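So the structure is just underneath, and the comments pick up after that.
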2 protein chains.
Amino acid sequence: MARAATTSDPFNAIAEPRRRQILTFLAVGERPVGEIVVAIGLDQPSVSKHLGVLREVGLVHVRRNGRLRMYRTNAAAIRPLHEWTGAFERYWQHQLNRIKERAEAKMHQSARGRNAAGHDSSSNPHPKASKERP
Amino acid sequence: MARAATTSDPFNAIAEPRRRQILTFLAVGERPVGEIVVAIGLDQPSVSKHLGVLREVGLVHVRRNGRLRMYRTNAAAIRPLHEWTGAFERYWQHQLNRIKERAEAKMHQSARGRNAAGHDSSSNPHPKASKERP
DNA sequence: TTTACATATTCCCATATAGGCATGTATTGT
DNA sequence: ACAATACATGCCTATATGGGAATATGTAAA
């Protein structure tokens, strides 16, 4: 099977850097295609196609205004992505804490004598059978 | 040009649903490939290839343990994604507020008499020259 | 060493891109 | 009605993909 379609979900849609640029540009307020073209520095058909993808996954909304098409970012559609990535927040905070703790430990260590300690990390959250070997 | 490589950045790497699954699975703690295979329900070579992508963009770390390779999610690498999506948070909150306000306005409206009000939305954040026409 | 096990890598291919370019379509102005 | 403007769409191509099957690599056990 080939790669999933860019229109299959927001994750695939925002994989393209230009589309992220467009979303950022359109977050502040609605703008016509022409301005996106100059802002992004890509030719009009390409921009239109990117907008098509963003439209299809609901990341932007369009409104006609005469011959202009006013696009704007639909921020709500980005929320799921924010939440998915947010699920990892506690873990990177964990990592930061560990780094911090190690730095502090090192300071104490160089201030005092030395201390042989094993590196366990003592974590085996998955309940599966594991044949670890000390 | 074709689509950007999946290994070009975390955004492209997480576009693949299976890779997201893997990241979620490995967030809690390190696991060997074999367990990922059964958990995700994909054949081993495919899993290895996905892990290769995740490795290349730094979304996972590996550690050898005998003949096992213990993988774990590098949550820190997901943080930029969380922050990029987070930049839109104020806008979706805006949207929610507007919805709320409309609902309230409607309640008042049906409680009292009627009131003709224009929908302006009064926003033109971009400072560019605009030839709008009332 | 030979064998068994855990992963990684290679080869093959149907598929979907992202641009570049040309053209279609809707709307406004003369 | 006709020309001009603002977008959208269609066509073409090099490129990268993800899965399947087969194979290579590396480590441990016999």
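Given the structure is predicted, the values throughout are model-derived calculations rather than measurements. Here is how names work: the chains are called A, B, and so on, in the same order as the sequence lines, proteins then strands, and each is numbered from 1.
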Where along residues 45-63 of chain A does a heavy atom fall under 4.0 Å from DNA chain C?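 Only Pro45(A), Ser46(A), Lys49(A), His50(A) qualify.
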
Numerically ordered, the residues 6-20 of chain B set in heavy-atom contact under 4.0 Å with DNA chain C is none

For the side chain of Ala2(A), counting heavy atoms from C-beta on, which of dC7(D), dT17(D), dA8(C) is nearest? dT17(D)

Between dA6(D), dA8(C), dT17(D), which one does the side chain of Arg69(B) approach most closely? dA8(C)

Would you say a side-chain N or O of Tyr71(A) is under 4.0 Å from OP1 or OP2 of dA6(D)?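 For dA6(D), OP1/OP2 do not have a side-chain N/O of Tyr71(A) under 4.0 Å.
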
Below 4.0 angstrom from OP1 or OP2 of dA26(C), is there any side-chain N or O of Arg64(A)?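 So the side-chain polar atoms of Arg64(A) never come under 4.0 Å of the phosphate oxygens OP1 or OP2 of dA26(C).
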
Could you state the atom-to-atom distance from [atom1] of [X] to [atom2] of [N] in whole Å?
X: Ile22(B); N: dG18(D); atom1: CD1; atom2: P; answer: 11 Å
X: Arg3(B); N: dA18(C); atom1: CZ; atom2: P; answer: 6 Å
X: Leu68(A); N: dA8(D); atom1: CG; atom2: P; answer: 11 Å
X: Leu42(B); N: dA8(C); atom1: CG; atom2: P; answer: 14 Å

Can you check whether [X] reaches [Y] side chain to side chain, under 4.5 Å on heavy atoms?
X: His50(A); Y: Ile36(A); value: no
X: Leu42(B); Y: Lys49(B); value: no
X: Leu51(A); Y: Leu26(A); value: yes
X: Leu81(A); Y: Phe11(B); value: no
X: Leu54(B); Y: Glu16(B); value: no
X: Tyr91(B); Y: Ile78(A); value: no

State which residues pass salt bridge (Lys or Arg N to Asp or Glu O under 4.0 Å) with Arg63(B); sequence neighbours excluded, sorted by chain then number.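 In terms of salt bridge (Lys or Arg N to Asp or Glu O under 4.0 Å), with neighbours along the sequence ignored, Arg63(B) is linked to Glu30(B).
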
Between Met1(A) and Gly34(A), which residue's closest nucleotide on DNA chain D lies nearer the 5′ terminus? Gly34(A)

Strictly distance-based, threshold 3.5 Å: is any side-chain N or O of Arg20(B) a donor or acceptor partner for the main-chain N or O of Ala15(B)? yes

Looking at the base of dA6(D), is there any donor atom on it, or on the side chain of Gln44(A), that sits under 3.5 Å from an acceptor on the other one?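 By the distance-only test, no, there is no pair.
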
Side-chain-base donor-acceptor pair under 3.5 Å for Arg67(A) and dT5(D): yes

From the list Trp84(A), Phe88(A), Trp92(A), ring-ring contact (aromatic ring centres under 6.0 Å, His included) with His82(B) holds only for Trp92(A)

